[in-house]
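To start, the structure itself, in structure tokens.
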Amino acid sequence: MAIQKTQVQHVAELAQLKLTSSELEKYTKQLSEIIDYDMGLLNKIETDGIEPTAQVTGLEDVTQNDNPRPSLDQKEALKNVPETEEGYFKTGVILEQ
Amino acid sequence: MKYDVIIGLEVHVQLKTKSKMFCRCSASVWKAQPNSHTCPVCLGLPGALPVANEEAVREALKIGLALNCQLLNRAKFDRKHYFYPDLSKGYQISQYDLPFCVNGWLEVDGSRIGVTRSHLEEDTGKLVHDDKNSLIDFNRSGIPLMEVVSEPDIRSPQEARLYAQKIQQIVRYLGVSDADMERGSLRVDANVSLQKPGKWKVEDGKVLGVVNNELNPKVEIKNMNSFRSIERALTYEIERQLQLFEKEEKLSQETRGWVEAKGITVKQRSKEFAPDYRYFPEPDLPPFVFKNSYFEVIKKEIPELPDQKINRFYHDYALEIKEAEIVTATKELADWFEGAVKAYAQTEKEGTTYDHIDSWKVKLIYNWVSGELLRRINELQVPLGEVKVTPAQLAELLYLIDKGEISSTIAKEVFAEMFKTGLDAKKIVEEKGLKQVSDEIQLREAVREVINLNPKPVADIAVGKKEAKGFLIGQIMKMTSGRANPGLVNKILEEELG
Ligand SMILES: [Zn+2]
């Protein structure tokens, strides 16, 4: 099996999902099948001598000069915010880390 | 049981670029209205595309070189994911496996502290909390931030403080950051653990156990807002861990916050999610492919750094290492000091250019700079840049002493006036009539008067009580407002007392 239960549990926690043990069993099996199938396809592709990349544009070293341009003003920045207070974005209370 | 103290630091330095890291919002956000320096990029609005700031990349490479790092020819940015409201996009653009700088070191008080890596990332927004709500200001979001990660090579709280201070000094010499802890442009987190001697080793920047990989847990400390608090927090934390071990209680691996007012560390609530940053290459930013010739260009832009300066001042000017450390504390002070040395050398051979100066003269300048100048700067809390006295003016003042025009006591008075007004020493001496009195007739008169007024000390001297002579000289100096030529006073007094 390509996927372990602990991995599924971890991903569930990241997604804030609570899984029962039978669900965990089920999804581990399903995810394994999906990964096996996809990896099986990918593994058929000849990749020898090809550099790994995360880019498709072929661009390199793209930068801009350090010249500031005008920002949005405060009103504009907060325009679509559901709740604001004195120029701040407002959210529910967040526990100090 | 004795333990080895193992400390590693993560130092974050905010770069002093004009615009932000991936957008061109102004980065001058200190005391600005909240959310007045934002745009779709730094607010993380859908569809906005980041473009790297060329100057920030340059400055990052400079820091790497100054920390003796190897610069990588191929580097890239990655996304680091976590959910927290100070992060507008749900990820922070940082660098993972190909940072700009790796494998450096810093020398701190004779020990070499390894720098695992140094990478560039974007700062987050700022949160303000109250009981009911949290408020977010995204002005800081996207300001370039250099993270310097040390090897776990630090062995004491004091060494940790010195290491952090050295990074501050270096980035200030480079002119790439204000590195001000109070303003948050320099932030330090520490990792500390206590391990049994011989039972641990360091590999790839990580502390590993030698047998069965068994180690004592490490604790991360945050919220240290000054250099002093770095030392205090670590001292406290080491003691806390020691006491737990002694009581055979369990120490847990956790993040603790330093509470300055109470002088303790407290467990911080863990983030409410399983930590998994899911790093992957930032698809919106093409990778960097640097040529070595580019690194050479950057290298040439690096000024003389503190260690090199200390070394040169030690060799060229015969300053003690401790003295050289004091006058090289900042680049500005070192330049001021050296400016005074060169100006003083020129007054000696008026009009000639500087080539050599006697070491006693350098020492004299050192004494004036570390004494009179720094004392006033510290007392009045003025930055050196705003001090009115120039190095050349100090040299001129010392030259007046050399020529016998004023005594060194009077010179201090003159310097105080120069510091206040920025006027030349010569002018102050003339206007205030401070010129040394070397007129023998005038001085003999003063000596005779003091002898007449003080029969008791005079009688004491006659029976061999030498210390009474010092008293008489003091009286003569007082009478002449400190302007009498001390050598001459001594000579005349001897004559008059027979
Ligand atoms: Zn922006």
May I ask you to test the Asp137(B)-Tyr88(A) pair for a side-chain heavy-atom distance under 4.5 Å?
yes

Bottom line for Glu83(A): the part with an atom under 4.5 Å from chain B's heavy atoms is neither

Between NE2 on residue His37(B) and CG on residue Asp73(A), distance to nearest 0.5 Å:
12.0 Å

Scanning both residues in full, the closest heavy-atom pair of Pro283(B) with Gln55(A) reads O-NE2, 3.5 Å

Exactly one candidate in Arg24(B), Glu54(B), Glu55(B) meets side chain to side chain donor-acceptor pair (under 3.5 Å) with Gln64(A); the answer is Arg24(B)

Got Thr91(A) and Ile136(B) here, is their nearest side-chain heavy-atom distance under 4.5 Å?
yes

Ignoring hydrogens and angles, tell me if any N or O in the side chain of Asn133(B) forms a donor-acceptor pair with the backbone of Gly92(A) under 3.5 Å.
no

In terms of heavy-atom proximity below 4.5 Å to chain A, should Leu285(B) be classed as side chain, backbone, both, or neither?
backbone

Which distance, rounded to the nearest 0.5 Å, do you find between the CG of Leu135(B) and the NZ of Lys90(A)?
7.0 Å

Whether the Thr17(B) and Asp66(A) side chains hold a donor-acceptor pair (N or O, under 3.5 Å, no angle test) is what I'd like checked.
no

When every non-hydrogen atom of Val62(A) is compared with those of Pro286(B), the smallest separation belongs to CG2-CG, 3.6 Å

Check this for me: Tyr37(A), atom OH, are more than 12 non-hydrogen atoms of other residues, nucleotides or ligands nearer than 6.0 Å?
no

Pick from Leu59(A), Thr57(A), Asn80(A): which one has the most heavy-atom pairs with chain B under 4.5 Å?
Leu59(A)

Within the supplied structure, the quantity of interest is the number of heavy atoms (other residues, nucleotides, ligands) at a distance under 6.0 Å from Lys80(B) NZ; does it exceed 12?
yes

In terms of heavy-atom contacts, does OH of Tyr96(B) have more than 12 from other residues, nucleotides or ligands at under 6.0 Å?
no

Most contact-rich option vs chain A, by heavy-atom pairs under 4.5 angstrom, among Val128(B), Asp284(B), Asn35(B), is Asn35(B)

Return the CD to OG distance between Glu85(A) and Ser134(B), rounded to the nearest 0.5 Å.
10.5 Å

Check each atom of Lys18(B) against the heavy atoms of chain A and say whether the ones under 4.5 Å are side chain, backbone, both or neither.
both

Please examine the side chains of Ser71(A) and Thr38(B), heavy atoms only from C-beta on, and report whether any two atoms are closer than 4.5 Å.
no

Is there a side-chain contact between Leu43(B) and Phe89(A), using heavy atoms and a 4.5 Å cut-off?
yes

Let me confirm one number: the CD-CG distance from Gln74(A) to Asn139(B), rounded to the nearest 0.5 Å.
8.5 Å

Relative to chain B, which segment of Glu60(A) carries a heavy atom at a distance below 4.5 Å: side chain, backbone, both, or neither?
both

Around atom NZ of Lys218(B), are there more than 12 heavy atoms of other residues, nucleotides or ligands at under 6.0 Å?
no

To the closest 0.5 Å, what do you measure between CG (Leu78(A)) and OG (Ser36(B))?
10.0 Å

Can you tell me how far the NZ atom of Lys20(B) sits from the CZ atom of Arg69(A), to the nearest 0.5 Å?
14.0 Å

Write down the atom of Pro281(B), the atom of Ala54(A), and the distance for their closest heavy-atom approach.
CB-CB, 3.2 Å

With a 4.5 angstrom heavy-atom cut-off, could you sort out which part of Phe138(B) is near chain A: side chain, backbone, both or neither?
side chain

